[in-house]
Amino acid sequence: MLVLFTSVLPQAFGLTLLSQASYFGQVVGIEPKVSLVLLIAGVVVGCIANIISMWSIGRFGHRTLSLAGLLVCTFLWLSMGIAGSISRGTAVGWFCSAILIVVTASAGLTVWPASYAIGSEVSTLHLRAKAQGAGWLFSSAFSAGFGLGLPYIYNPDAGNLRAMVGYIFAAFCLITLLITFFYVPEMKGRTPSEIDRMFELNLKAREFVHWRADGSKNEKYTSPRAV
């Protein structure tokens, strides 16, 4: 289940909306030429963030990166939703554009790469191929659903939420933040056998980081490891 959950984290923090930045910018009041520049800027920022993430993903815990990224994205999306509730116009359009770029940078440094790392760590070795395949299928299904349905939510001739779509992604980020906090363990630096053993001991997510292979933890609780 954790593989499936981490596979949809990119959709939860708003990757689909970020990919529609050019069109969304026009919806919230940005001129078409400027909206194209917004899309290009987002791609450049995302590439730079992902390059830097090669350092951050090795320096910090993957659970920590996910929690930090989702928390930041929650407040960013919430601020965009509030701005859309207050007024509509060029100023709000520029503010939304800035939020999209900042979300791209924040997620690209934290939860975006961490989601792939966690998804590869959590699956046990003999089920890894099947687990990764299921995760890819789940991610593709969510991506297709968001890609088809999202424009109907913020388009003026449909849901007409415009910038208030930020509320939706703020809620998604908050929900996934809570799930990550309670159920996603820290597995950075662990061997596959250690990860298997910690799942067998049915440790809580927050206990993974403190567990040592010397048997100092109570091992009386056991449970089969899920995909």
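Linking ILVMFWY side-chain heavy atoms closer than 4.5 Å, directly or via other members, places M164 and L17 in a single hydrophobic cluster. By the criterion of side-chain heavy atoms lying less than 4.5 angstrom apart, applied directly or through intervening Ile, Leu, Val, Met, Phe, Trp or Tyr residues, L174 is grouped together with F75 in one hydrophobic cluster. Linking Ile, Leu, Val, Met, Phe, Trp and Tyr whenever their side-chain heavy atoms come within less than 4.5 Å leaves I48 and W112 in two separate clusters. When the side chains of ILVMFWY residues are joined at heavy-atom separations under 4.5 Å, either directly or via intervening members, V43 and L109 end up in two distinct hydrophobic clusters. Clustering ILVMFWY residues whenever any of their side-chain heavy atoms sit less than 4.5 angstrom apart, transitively, puts Y183 in the very cluster that holds M187.
With a 4.5 Å cut-off on side-chain heavy atoms, I82 and S79 do not count as touching. Annotation: side chain of P185 is in contact with side chain of F199 (closest heavy-atom distance under 4.5 Å). By the 4.5 Å heavy-atom criterion applied to side chains, L150 and V165 are counted as neighbours. For the pair R190 and M198, the minimum side-chain heavy-atom distance is below 4.5 Å. Counting heavy atoms from C-beta on, the side chains of L100 and F24 come closer than 4.5 Å. Contact annotation: the side chain of F181 approaches that of R63 to within less than 4.5 Å [non-hydrogen atoms, C-beta and beyond]. Put simply, the side chain of L36 does not reach to within 4.5 Å of the side chain of K33, judged on heavy atoms. Looking at S22 and L38, their side chains never come closer than 4.5 Å, going by heavy atoms from C-beta outward.
Formation of a donor-acceptor pair under 3.5 Å by the K188 side chain with backbone atoms of G58 is found in this model. Here the side chain of S139 pairs a donor or acceptor atom with the backbone of S7 at under 3.5 angstrom. Within the 3.5 Å criterion, the main-chain N or O of V103 finds no donor-acceptor partner in the side chain of S106. No side-chain donor-acceptor contact under 3.5 Å links S143 to the backbone of S140.
Here the closest heavy-atom approach between residue T74 and residue L70 is recorded as OG1-O, 2.7 Å. Heavy atoms only, all atoms of each residue included: W94 and I30 are closest at N-CD1, 3.5 Å. Nearest heavy atom pair, residue T104 against residue A49, reads O-CB, 4.4 Å. Across all their heavy atoms, Q132 and S120 have their closest contact at NE2-CA, 3.7 Å. Nearest heavy-atom pair across L65 and A114 is CB-CB, 4.1 Å. Closest non-hydrogen pair, V3 versus S123, comes out as CG2-CB, 4.1 Å.
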What do the steps show when you test T110 against S66 for side-chain contact (heavy atoms from CB on, under 4.5 Å), and what is the final call?
CA-CA 6 Å; T110 56; S66 297; over 6 Å; no
Step-by-step side-chain contact (heavy atoms from CB on, under 4.5 Å) determination, T180 to F5
CA-CA 9 Å; T180 301; F5 171 71; 3.5 Å; yes
Any chance you could lay out the side-chain contact (heavy atoms from CB on, under 4.5 Å) test for I101 and S97, step after step, and finish with the verdict?
CA-CA 6 Å; I101 293 176; S97 301; 5.6 Å; no
Run the numbers on L161 and I168 for side-chain contact (heavy atoms from CB on, under 4.5 Å), then give the verdict.
CA-CA 10 Å; L161 285 186; I168 295 177; 3.7 Å; yes
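Using modelled atom types and a 3.5 Å distance limit, the side chains of H62 and E186 yield no donor-acceptor pair. Under 3.5 Å, the side chains of Y167 and S85 contain a donor-acceptor pair of N or O atoms.
Contacts of A12 classified as side-chain contact (heavy atoms from CB on, under 4.5 Å), with partners at least two apart in sequence or in another chain: F172, T176. In this structure A91 satisfies the side-chain contact (heavy atoms from CB on, under 4.5 Å) test with no other residue, sequence neighbours excluded. Shown here are the side-chain contact (heavy atoms from CB on, under 4.5 Å) partners of Y23, two or more places apart in sequence or in another chain: V27, Y154, N155.
Summarising the geometry, atom CG belonging to L78 is positioned 12.5 Å from atom SG belonging to C73; distances are rounded to the nearest 0.5 Å. Between the CD1 atom of I99 and the CG atom of L18 there is a distance of 11.0 Å, given to the nearest 0.5 Å. Note that CD1 of I51 and OG of S56 are 12.0 Å apart. Values are rounded to the nearest 0.5 Å. Rounding to the nearest 0.5 Å gives a distance of 12.0 Å between CD of Q20 and CD of Q26. Atom OG1 in T124 sits 8.0 Å away from atom CD in E200 (nearest 0.5 Å). Atom CZ of F182 is separated from atom CG of L177 by 9.5 Å, given to the nearest 0.5 angstrom.
Classification of E194 and R197 as a salt-bridged pair fails, no side-chain N sitting under 4.0 Å from a carboxylate O.
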